[in-house]
A.B. asks: 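I'd like to ask you about the structure that follows.
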Amino acid sequence: MIDQQTPSRGGATRLPVRQRTGRFLVLAVVFVCAACGLVYELELVALASYFIGDSVTQASVVLSLMVFAMGIGSLLAKRLRTRAAVGFGLIEAALALVGGTSALVLYASFAWLGEPRYAVAGFSLVIGILIGAEIPLLMTLIQRVDRQDAGGAAADLFAADYVGALAGGLAFPFLLLPVMGQLTGALFTGAVNAAAGGTLVLWVFRRDLGPRSRLLLVVVNGAVIVLLATASVLVDDFERAARRAVYGDEVRVAVQTEVQEIVLTGPGRGSLGLYLGGRLRVSSRDEHRYHEALVHPAMNGAHRRVLILGGGDGLAAREVLRYPDVTSVVVVELDPAVTRLARTDPGLSALNGHAYEDPRLTAVTGDAFAWLRATHDRYDVVISDLPDPGITASTKLYAAEFYGLVAGALEPAGRLVVHAGPPSSRPRTFWTVEASVRAGGLVTRPYRVEGRAGGLVTGPGRATDGAEEPRDWGFVLAARQTVGRLGMDPEAPPLRTLGERELLAGRRAAERARQHGVLPSTLVHPRYREEP
């Protein structure tokens, strides 16, 4: 049973520290707890986007639930105001435990149970309730230290809270993620949270605690810190087991960069697989279908200078370099770790035909949008091999403004090709990309390619079971002006069906590709496969 201690009206007279020192310590703990609380929020948003996708939706759901829950927590905390010190200590211990282990639990839920949608919602509500309960109790404690008016106390409290939130918001992407990673970073944050809350109550407000309350807080906070520390020691083993559950038993490269998590599997009994940010980017079993279809239709024409946006894996460059009259290829990749892996990993470099050893290829690290804005060079062909258009983080790379920049980088007779997502399962996304390309000042010719034998494809998608993968890839071929050999007519209305007409754009390119030893069956409709 918790001792019920009613603080005297004498304010700071019962505190073991001076009034000014006590006020500073309370505000310092407010700062720390606010920083930890925002880290938990950002952690949930990042994990929800990583595991479920669509970061805008996930951020909206997580933040809305947390703000709603904070209101509930504030109401519930009214019952603890007469025991503010012990109540705050227990709430911080609970928040440290739940927030610190949230990343581990969500990762486990994703690895062994599937999509953790309900777990994300549950953590959002629980963490929100606990964060909301802090403010009323802290208001009581700061007035217990410094007998100022309620308005002045609230101003000090919220100032420390907002500045702490700023520190947490900056620490999450610039310190915790790159230095510790998501799992260890969350565990460390929980330990700091428990230590700060427990130290404040057990030191500054220890005279408000009875023996039982003091013992309870020592045991609870100590247990939480020990549990989080133990979990941080075992986190590497946990990550390896979870990765095996998600990616299979043949994970041989797993690294968290400043941009994303990179996982490389195989080759072994299965195919070589490259996962970027939890999404399957490359599968050696059928990547040739995707990359041949992406590259060769656009190469039907002048192609001495080629620009590849994305494609740090080197596979699109492999197809471009098949053409002996190509004089230069520039690859603009955001994550230098991808190009480094494509250059040095034996399996991936063999798959891309050692493209990075070709003197015609130049790799540039940078954001494609910013790079296009700064460049003054012109190219015969621009290949957009960027993340799936369904990923919110890549939205600007599929906007009309982006394609306007691409148009400015094209020679007068130059061509652009864009991976626009699976038209069969996401037709709205596909046609939105096509419309954005036209809005950027280009004329378009959409086309599609099926997966293996018309079945599921394992190209750019998620690390999920095959039932959720697309059955095809969709592309948009575009140019600054009418190019007759591509069958592009700017006066014709945009095509609204995907069938034989769209694939005619790749027919002559397939014939050209045949001269370089590339099977044309991946580029054209089955009707034309029997033609000599």
Side-chain angles (χ1 to χ4, degrees), residues 38-66 99-124 127 168-169 171-189 235-236 238-248 251 253-265 273-282 310 334-335 337-338 386-395 397 421 458 460-465 468-469:
L38 195 64
V39 169
Y40 300 145
E41 292 182 30
L42 296 175
E43 189 78 47
L44 287 177
V45 171
L47 289 171
S49 302
Y50 177 82
F51 294 139
I52 304 173
D54 190 357
S55 59
V56 170
T57 298
Q58 302 313 316
S60 299
V61 170
V62 169
L63 296 179
S64 298
L65 287 176
M66 292 192 76
T101 60
S102 59
L104 279 173
V105 175
L106 290 176
Y107 206 115
S109 176
F110 173 73
W112 286 285
L113 301 178
E115 189 176 275
R117 191 179 301 270
Y118 296 109
V120 169
F123 274 108
S124 300
I127 292 175
F172 179 71
F174 297 116
L175 180 62
L176 293 178
L177 279 185
V179 175
M180 300 182 181
Q182 287 182 319
L183 302 186
T184 304
L187 293 168
F188 174 79
T189 302
V235 74
D236 289 340
F238 170 83
E239 284 188 290
R240 282 191 289 268
R243 284 197 182 101
R244 284 196 297 269
V246 175
Y247 301 109
V251 175
V253 176
V255 59
Q256 177 69 51
T257 71
E258 294 182 2
V259 178
Q260 62 200 334
E261 181 188 51
I262 301 175
V263 174
L264 188 64
T265 64
L274 175 63
Y275 296 83
L276 302 180
R279 293 170 174 83
L280 179 59
R281 181 65 182 172
V282 171
L334 178 63
D335 193 345
V338 175
L386 295 165
D388 191 277
I391 303 172
T392 307
S394 62
T395 298
L397 302 178
T458 55
R462 286 202 55 81
T464 56
D465 58 77
E468 298 183 12
E469 293 294 335

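Predicted model only: the values in this text are computed from it and were never measured.
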A.B. asks: Please list, chain by chain and in numerical order, all residues satisfying side chain to side chain donor-acceptor pair (under 3.5 Å) with Arg244, sequence neighbours excluded.
C.D. replies: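 Partners of Arg244 by the side chain to side chain donor-acceptor pair (under 3.5 Å) criterion come out as none, since no residue qualifies.
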A.B. asks: Let me confirm one number: the CG-CE distance from Leu38 to Met66, rounded to the nearest 0.5 Å.
C.D. replies: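 Those atoms lie 8.5 Å apart.
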A.B. asks: Do Ile52 and Arg117 have side chains that approach each other closer than 4.5 Å (heavy atoms only, starting at C-beta)?
C.D. replies: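 Side chain of Ile52 against side chain of Arg117, heavy atoms only: contact under 4.5 Å found.
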A.B. asks: I need the Leu42 CG to Leu63 CG distance, nearest 0.5 Å.
C.D. replies: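 If we round to the nearest 0.5 Å, Leu42:CG and Leu63:CG are 8.0 Å apart.
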A.B. asks: Could you pull out every donor-acceptor pair under 3.5 Å between side chains of residues 101-109 and any protein atom, sequence neighbours left out?
C.D. replies:
unit_1, atom_1, unit_2, atom_2, d
Thr101, OG1, Leu97, O, 2.6
Ser102, OG, Gly99, O, 2.7

A.B. asks: To the nearest 0.5 angstrom, please state how far the OH atom of Tyr40 sits from the CD1 atom of Ile127.
C.D. replies: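 The distance works out to 7.5 Å.
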A.B. asks: Run the side-chain contact (heavy atoms from CB on, under 4.5 Å) test against Ala121 and tell me which residues pass, sequence neighbours left out.
C.D. replies: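 Only Leu65 meet the side-chain contact (heavy atoms from CB on, under 4.5 Å) criterion with Ala121.
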A.B. asks: Give, for atom CD of Gln182 and atom CG of Leu47, the distance between the pair rounded to the nearest 0.5 Å.
C.D. replies: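 Here the interatomic distance stands at 4.5 Å.
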A.B. asks: I'd like to check the side-chain contact (heavy atoms from CB on, under 4.5 Å) partners of Leu264; sequence neighbours left out, ordered by chain and number.
C.D. replies: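 If we apply the side-chain contact (heavy atoms from CB on, under 4.5 Å) test to Leu264, skipping adjacent residues, the hits are Arg252, Val253, Leu272, Leu274, Leu341, Asp345.
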A.B. asks: So which atom in Glu43 and which in Ala186 form the shortest heavy-atom distance, rounded to 0.1 Å?
C.D. replies: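 So the minimum-distance heavy-atom pair works out to OE1-CB, 4.1 Å.
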A.B. asks: Of the non-hydrogen atoms in Ser124 and Val62, which two are nearest, and what is the gap between them?
C.D. replies: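 Closest approach of Ser124 to Val62, heavy atoms only: OG-CG1, 3.6 Å.
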A.B. asks: Would a 4.5 Å heavy-atom cut-off, applied to side chains only, mark Val263 and Glu261 as touching?
C.D. replies: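 SC-SC contact between Val263 and Glu261 confirmed.
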A.B. asks: Considering residues at least two apart in sequence or located in another chain, which fulfil the side chain to side chain donor-acceptor pair (under 3.5 Å) criterion with Gln260?
C.D. replies: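 Gln260: side chain to side chain donor-acceptor pair (under 3.5 Å) contacts with Asp335.
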A.B. asks: Specify the closest pair of heavy atoms between Trp112 and Ala245, including all atoms of both residues, with the distance to one decimal.
C.D. replies: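 Nearest pair, atom of Trp112 first, then Ala245: NE1-CB, 3.5 Å.
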A.B. asks: Hey, could you give me the CG/CE distance between Leu175 and Met180, rounded to the nearest 0.5 Å?
C.D. replies: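 Answer for the CG-CE pair, Leu175 versus Met180, is 6.5 Å.
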A.B. asks: Of the non-hydrogen atoms in Leu187 and Gly100, which two are nearest, and what is the gap between them?
C.D. replies: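 Looks like CD2-O, 3.3 Å.
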A.B. asks: Report the residues that fulfil side-chain contact (heavy atoms from CB on, under 4.5 Å) with Val39, sequence neighbours left out, ordered by chain and then residue number.
C.D. replies: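 Phe172, Leu176, Thr189.
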A.B. asks: Closest approach of Pro387 and Arg281, non-hydrogen atoms and distance?
C.D. replies: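 Between these two residues, the closest heavy atoms are CA-NH1, 4.1 Å.
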A.B. asks: In Å and rounded to the nearest 0.5 Å, what is the OG1 to CG distance from Thr265 to Leu280?
C.D. replies: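 Thr265 OG1 to Leu280 CG: 8.0 Å, rounded to 0.5 Å.
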A.B. asks: Side chains of Arg279 and Asp388, heavy atoms from C-beta outward: is any pair under 4.5 Å?
C.D. replies: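 No; the side chains remain at least 4.5 Å from each other.
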A.B. asks: Is the shortest heavy-atom distance from the side chain of Asp236 to the side chain of Glu239 under 4.5 Å?
C.D. replies: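 Counting from C-beta outward, Asp236 and Glu239 do come under 4.5 Å.
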